[in-house]
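Have a look at the structure below before the remarks.
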Protein chains: 2
Amino acid sequence: MRPRRANSREKILAAAADVAREAGPGSLSLEAVASRAGVSKGGLLYNFPTKAKLMQGLVESYLSDFQKALEARAAEAGHESVLSAYIKLSADDCEQPKPSASWMFSAIAEDPDFLTPIKAFKRQLFQRLKEETDDLGSLLVCFLAIEGMRSMNLFDSDVLSEEERALLVASLLKIAG
Amino acid sequence: MRPRRANSREKILAAAADVAREAGPGSLSLEAVASRAGVSKGGLLYNFPTKAKLMQGLVESYLSDFQKALEARAAEAGHESVLSAYIKLSADDCEQPKPSASWMFSAIAEDPDFLTPIKAFKRQLFQRLKEETDDLGSLLVCFLAIEGMRSMNLFDSDVLSEEERALLVASLLKIAG
DNA sequence: TTGACAAGACCGTCCAGCCGGTACAGTAAG
DNA sequence: CTTACTGTACCGGCTGGACGGTCTTGTCAA
């Protein structure tokens, strides 16, 4: 089970995300990823027998990281709601000027179904948020606005300035109550 | 200047969007588009000398269609603001169960820079909306929420029900004033 | 020695772009 | 009217290259 030198799996996953971000989602080839990860193509295929498995791994690690981060935020003192935690987490995620999830585009190009777990996750999150509030209208606005913020970051759209994003987050937190 | 039988250019553009939507953004090959458009590969290459030019054409026609639709909405009686027009237009766009712009993913895979005109367009639109209101916070929330709605439609995420989307739109229109 | 794992040459497939051809409309000289 | 010529619109086979995935060989820790 244990890799010989280090944890190749995670190195490969990180390398894949890097390649997609820096060389563009269309340039995510197995060779590029292997090279970036300091691993041979054979080594990569040993860990991920197929490109599809690699994509799947990307999605799974993304989701588990997100879940962990959200849980951590929600458990922090001073958060009156999961929605607030989600807003703040997303705000921080979107601080990074570089989109960290360009690999999603590669995954979609490979097969749109790779996003199914992400959709399911979002549905589940939305459900959880719905149970928390009785003002569905406000929740919808907040939830979609966060979605919009995340999508802008994903597409690397620098439409909003730093101050505008801060104001947006403040407004959302106010709406969230 | 005039095409002999019909307007191949538009047929090809429509075919490309169809292929991306139905076969997936990763399957947008020139042959597939040509076949779908009822045109040979050579004919396609005659109209769009390069795949890049095809993508560019897709972006341009998308943008000009959008601009036209927005202008039409804004000119309609009963619209007190461009923001309201934008909200309603986006709501209608997202009515369609099938995302009409999957080709964007193909374009990104080809080269992320293809989206530059779209980003510029959005910046311009946001600027215009800013000049229209004095409540920047509300505008930000609305603008981003619409962005979120559009992105959900693009990713074909059926997280929201019909009623929820209607409620969202109503809430946004209320915020927009 | 052995077996878990890595290396990279290799193969089949797919696709963008090229190129030589075809069909036809217009024009204009004979 | 006819023949010859020109430019436009389109066709489809070909090829060179890239990429995913396999296979054989190498290597190192136990």
Side-chain angles (χ1 to χ4, degrees), chain A residues 1-20 22-59 102-103 105-114, chain B residues 1-20 22-59 102-103 105-114:
Chain A
M1 213 67 207
R2 263 289 154 90
R4 206 141 30 103
R5 310 241 164 99
N7 196 337
S8 293
R9 238 187 110 87
E10 288 181 12
K11 267 202 312 188
I12 290 169
L13 254 15
D18 288 349
V19 169
E22 288 168 22
S27 306
L28 202 158
S29 67
L30 295 187
E31 273 127 346
V33 173
S35 153
R36 177 81 184 215
V39 156
S40 77
K41 199 177 172 183
L44 197 170
L45 268 308
Y46 178 79
N47 287 279
F48 299 95
T50 253
K51 195 178 191 182
K53 293 282 184 190
L54 175 61
M55 298 301 182
Q56 193 183 327
L58 243 10
V59 171
S102 309
W103 55 262
F105 296 127
S106 316
I108 292 176
E110 190 72 15
D111 182 352
D113 287 344
F114 281 127
Chain B
M1 213 72 206
R2 267 287 156 89
R4 204 136 36 98
R5 311 243 165 101
N7 197 336
S8 293
R9 239 188 107 87
E10 287 179 13
K11 269 201 313 186
I12 290 168
L13 254 15
D18 287 350
V19 169
E22 288 169 22
S27 306
L28 202 159
S29 67
L30 295 187
E31 274 127 344
V33 172
S35 153
R36 177 81 183 213
V39 156
S40 75
K41 201 174 172 185
L44 196 169
L45 269 310
Y46 177 79
N47 287 279
F48 299 93
T50 252
K51 196 176 190 183
K53 293 280 184 191
L54 175 61
M55 298 301 182
Q56 192 183 328
L58 243 10
V59 170
S102 309
W103 54 264
F105 296 126
S106 316
I108 292 177
E110 190 73 13
D111 182 352
D113 287 345
F114 282 126

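The figures that follow rest on heavy atoms only: side chains count, while hydrogens, waters and symmetry mates do not. Below, chain A is the first sequence line, B the second, and so on; all start at residue 1.
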Are [X] and [Y] close enough that some pair of their side-chain heavy atoms sits under 4.5 Å apart?
X     : Y      : value
A:V33 : A:K51  : no
A:V59 : A:W103 : yes
B:L13 : B:L54  : yes

Spacing of [atom1] belonging to [X] relative to [atom2] belonging to [Y], to within rounding of 0.5 Å:
X     : Y     : atom1 : atom2 : answer
B:Y46 : B:S40 : OH    : OG    : 12.5 Å
A:L28 : A:E22 : CG    : CD    : 11.5 Å
A:I12 : A:N47 : CD1   : CG    : 4.0 Å

What integer distance in Å separates [X]:[atom1] from [N]:[atom2]?
X     : N      : atom1 : atom2 : answer
B:K53 : C:dG17 : NZ    : P     : 12 Å
A:L30 : C:dG8  : CG    : P     : 16 Å
B:K51 : C:dC14 : NZ    : P     : 15 Å

*Counting heavy atoms from C-beta on, name the nucleotide in D:dC10, C:dA16, D:dG20 closest to the side chain of B:S40.*
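Ranking D:dC10, C:dA16, D:dG20 by closest atom to the B:S40 side chain puts D:dC10 first.
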*Taking the side chain of A:E31 as its heavy atoms from C-beta onward, which of C:dA7, C:dA16, D:dC19 lies nearest to it?*
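Nucleotide nearest to A:E31's side chain: D:dC19.
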*With sugar-phosphate meaning primed atoms plus P, OP1 and OP2, does A:L54 contact a base, only sugar-phosphate, or nothing at under 4.0 Å between heavy atoms?*
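Nothing: the residue A:L54, judged by heavy atoms under 4.0 Å, touches no strand.
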*Can you tell me if the side-chain N/O atoms of A:S8 get under 4.0 Å from OP1 or OP2 in C:dA6?*
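Yes, because at least one side-chain N or O of A:S8 sits under 4.0 Å from OP1 or OP2 of C:dA6.
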*Tell me, which of residues 41-50 of chain A have any heavy atom that sits under 4.0 Å from an atom in DNA chain D?*
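Residues of residues 41-50 of chain A under 4.0 Å from DNA chain D: A:K41, A:L45, A:T50.
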